[in-house]
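Along the sequence shown, residues carry numbers from 1.
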Amino acid sequence: MSAHTDVSTGPLEYRSHEGRMNILGFWIFLGAEVALFATLFATYAVMFGRTGEAPTPAELFELPMVLIMTFLLLTSSFTCGIAIHEMRRGSLKGLLTWLSITLVLGLGFLGFEIYEFVHYIHEGASLQSSAFWSGFFVLTGTHGLHVLLGISWAFILIVQLRQRGLTPVTSRKMFIVGLYWHFLDVIWIFIFTSVYLIGMVV
């Protein structure tokens, strides 16, 4: 059997050599993303507390807002997992339904984050306000941009799935999008704990 021959067992996205190599390559890409966010977290830690004349995080961070954002993003991770499950069952309709719900939740998260940024800027906390707020906006903004990228990527995939159905190629793309989305949720958990929760009590 050649290296490029499909195999008849296992999940659809793994049934070709190309699919397996692309998924492996994406895991390597996620390793680079971990390095990027680790650098941003380290920069934020160095800048922590250096608010100067700007408001402190304890003055601006609001737990209800952060909890809503966290609920939306973590719930979207759950619905994304159901979408992958529907894909494995061979249900295109189920996949599209749950992936669409994931996108709605992701858009809700972005909406609250944009509102949060506008509110902070209105209260005198911006990139130029202090070292702390520069670190905050760069870290959370980078994560937000990644979420926007994930939403755009998933939307394009929905179009492809409607046109082509479930194939080894579209299944592989969906699996990779799922990995990416779960990765962003994990990063948010670290942001929630190390940025918001600590910022509210220190």
Side-chain angles (χ1 to χ4, degrees), residues 30 33-34 36-37 40-41 43-44 47-48 51 54-84 86 94-130 132-162 173-174 176-201:
L30 287 183
E33 290 284 273
V34 169
L36 167 64
F37 278 101
L40 294 178
F41 275 108
T43 302
Y44 173 82
M47 302 296 187
F48 187 80
T51 55
T56 65
E59 293 173 326
L60 293 186
F61 288 170
E62 299 177 1
L63 185 59
M65 172 78 69
V66 180
L67 287 177
I68 291 172
M69 294 166 64
T70 302
F71 173 79
L72 289 172
L73 201 58
L74 295 188
T75 302
S76 75
S77 184
F78 176 72
T79 58
C80 183
I82 297 178
I84 296 294
E86 292 296 315
L95 167 58
L96 291 173
T97 298
W98 287 103
L99 183 55
S100 298
I101 294 173
T102 301
L103 293 189
V104 171
L105 292 169
L107 287 170
F109 169 84
L110 278 183
F112 276 101
E113 185 166 60
I114 292 171
Y115 171 82
E116 176 193 43
F117 285 179
V118 172
H119 173 67
Y120 290 169
I121 292 171
H122 178 74
E123 295 295 325
S126 65
L127 273 169
Q128 297 80 23
S129 298
S130 66
F132 169 81
W133 288 110
S134 293
F136 169 83
F137 279 107
V138 170
L139 172 58
T140 57
T142 300
H143 177 266
L145 287 175
H146 277 68
V147 173
L148 178 60
L149 174 61
I151 291 172
S152 303
W153 190 0
F155 178 78
I156 293 172
L157 179 57
I158 286 176
V159 174
Q160 293 182 354
L161 284 165
R162 289 186 179 277
K173 291 179 179 179
M174 178 61 214
I176 288 175
V177 166
L179 287 178
Y180 187 70
W181 198 257
H182 292 313
F183 167 75
L184 296 179
D185 290 340
V186 171
I187 295 298
W188 178 256
I189 291 173
F190 282 99
I191 291 176
F192 174 72
T193 54
S194 65
V195 175
Y196 289 100
L197 290 186
I198 293 177
M200 289 177 190
V201 299

Quiz item: Distance from L96 atom CG to L161 atom CG, nearest 0.5 Å?
Solution: 5.5 Å
Self-check item: Minimum side-chain heavy-atom gap L40-V138 below 4.5 Å
Solution: yes
Exercise. Mind listing the closest non-hydrogen atom pair of L95 and E86 along with its distance?
Key: N-CB, 3.5 Å
Practice problem: Report the distance from atom CD1 of I114 to atom NE2 of H119, rounding to the nearest 0.5 Å. | Solution: 15.5 Å
Self-check item: Chi angles and distances behind the side-chain contact (heavy atoms from CB on, under 4.5 Å) call for I101, I82
Solution: CA-CA 10 Å; I101 294 173; I82 297 178; over 6 Å; no
Quiz item: Got a second to check how far L157's CG is from S152's OG, nearest 0.5 Å?
Solution: 12.5 Å
Quiz prompt | Closest non-hydrogen atom pair between W133 and A54, with its separation | solution = CD1-CB, 3.8 Å
Quiz item: Does the ring center of F112 lie less than 6.0 Å from the ring center of F71?
Solution: no
Practice problem: Grab the two heavy atoms, one from G144 and one from E113, that are nearest each other, plus how far apart they are. | Solution: CA-OE1, 3.3 Å
Practice problem: Can you measure from CG (L110) to CG (L148) and round to the nearest 0.5 angstrom? | Solution: 6.0 Å
Self-check item: Residue pair I151 / W181, side-chain heavy-atom distance below 4.5 Å
Solution: yes
Self-check item: Under the ring-ring contact (aromatic ring centres under 6.0 Å, His included) test, residues paired with F37 that sit two or more places apart
Solution: H146
Exercise. Could you check if a side-chain atom of L63 sits within less than 4.5 angstrom of a side-chain atom of L197, using non-hydrogen atoms only?
Key: yes
Self-check item: Separation of I189 CD1 from D185 CG (nearest 0.5 Å)
Solution: 7.0 Å
Quiz item: Quick one: are Y196 and T70 in side-chain contact, heavy atoms under 4.5 Å?
Solution: no
Quiz item: Going by atom types alone, do S130 and T51 pair a side-chain donor with an acceptor below 3.5 Å?
Solution: no
Quiz prompt | Given F41, F132, F136, the one that forms ring-ring contact (aromatic ring centres under 6.0 Å, His included) with F48 | solution = F132
Quiz item: Can you tell me how far the OG1 atom of T193 sits from the CH2 atom of W188, to the nearest 0.5 Å?
Solution: 10.5 Å
Exercise. Could you give me the CA-CA distance, side-chain angles and deciding distance for T97 and S100, then say whether side-chain contact (heavy atoms from CB on, under 4.5 Å) is met?
Key: CA-CA 5 Å; T97 298; S100 298; 6.0 Å; no
Practice problem: With the side chain counted from C-beta on, respond yes when T79 and L105 share a heavy-atom pair under 4.5 Å apart, and no when they do not. | Solution: yes
Quiz item: Does any non-hydrogen side-chain atom of I191 lie less than 4.5 Å from one of Y44?
Solution: no
Practice problem: Verify the distance criterion only: is there a donor paired with an acceptor across the side chains of S129 and S126 at less than 3.5 Å? | Solution: yes
Practice problem: Identify which one of L179, V147, L73 satisfies the side-chain contact (heavy atoms from CB on, under 4.5 Å) criterion when paired with L184. | Solution: V147
Practice problem: Grab the two heavy atoms, one from T102 and one from C80, that are nearest each other, plus how far apart they are. | Solution: OG1-N, 3.2 Å
Quiz prompt | Closest approach of H143 to I187 (non-hydrogen atoms, all atoms of both residues) | solution = CD2-CG2, 3.7 Å
Exercise. Report yes if some heavy atom in the side chain of T140 is under 4.5 Å from a heavy atom in the side chain of E116; otherwise report no.
Key: no
Exercise. With sequence neighbours left out, write down each residue that passes ring-ring contact (aromatic ring centres under 6.0 Å, His included) with F192, or none if nothing qualifies.
Key: none
Quiz item: Between F117 and F137, how do the two ring planes meet: parallel, tilted or perpendicular, split at 30° and 60°?
Solution: perpendicular
Exercise. Search all heavy atoms of H182 against all heavy atoms of G81 and return the closest pair with its distance.
Key: CE1-N, 4.1 Å
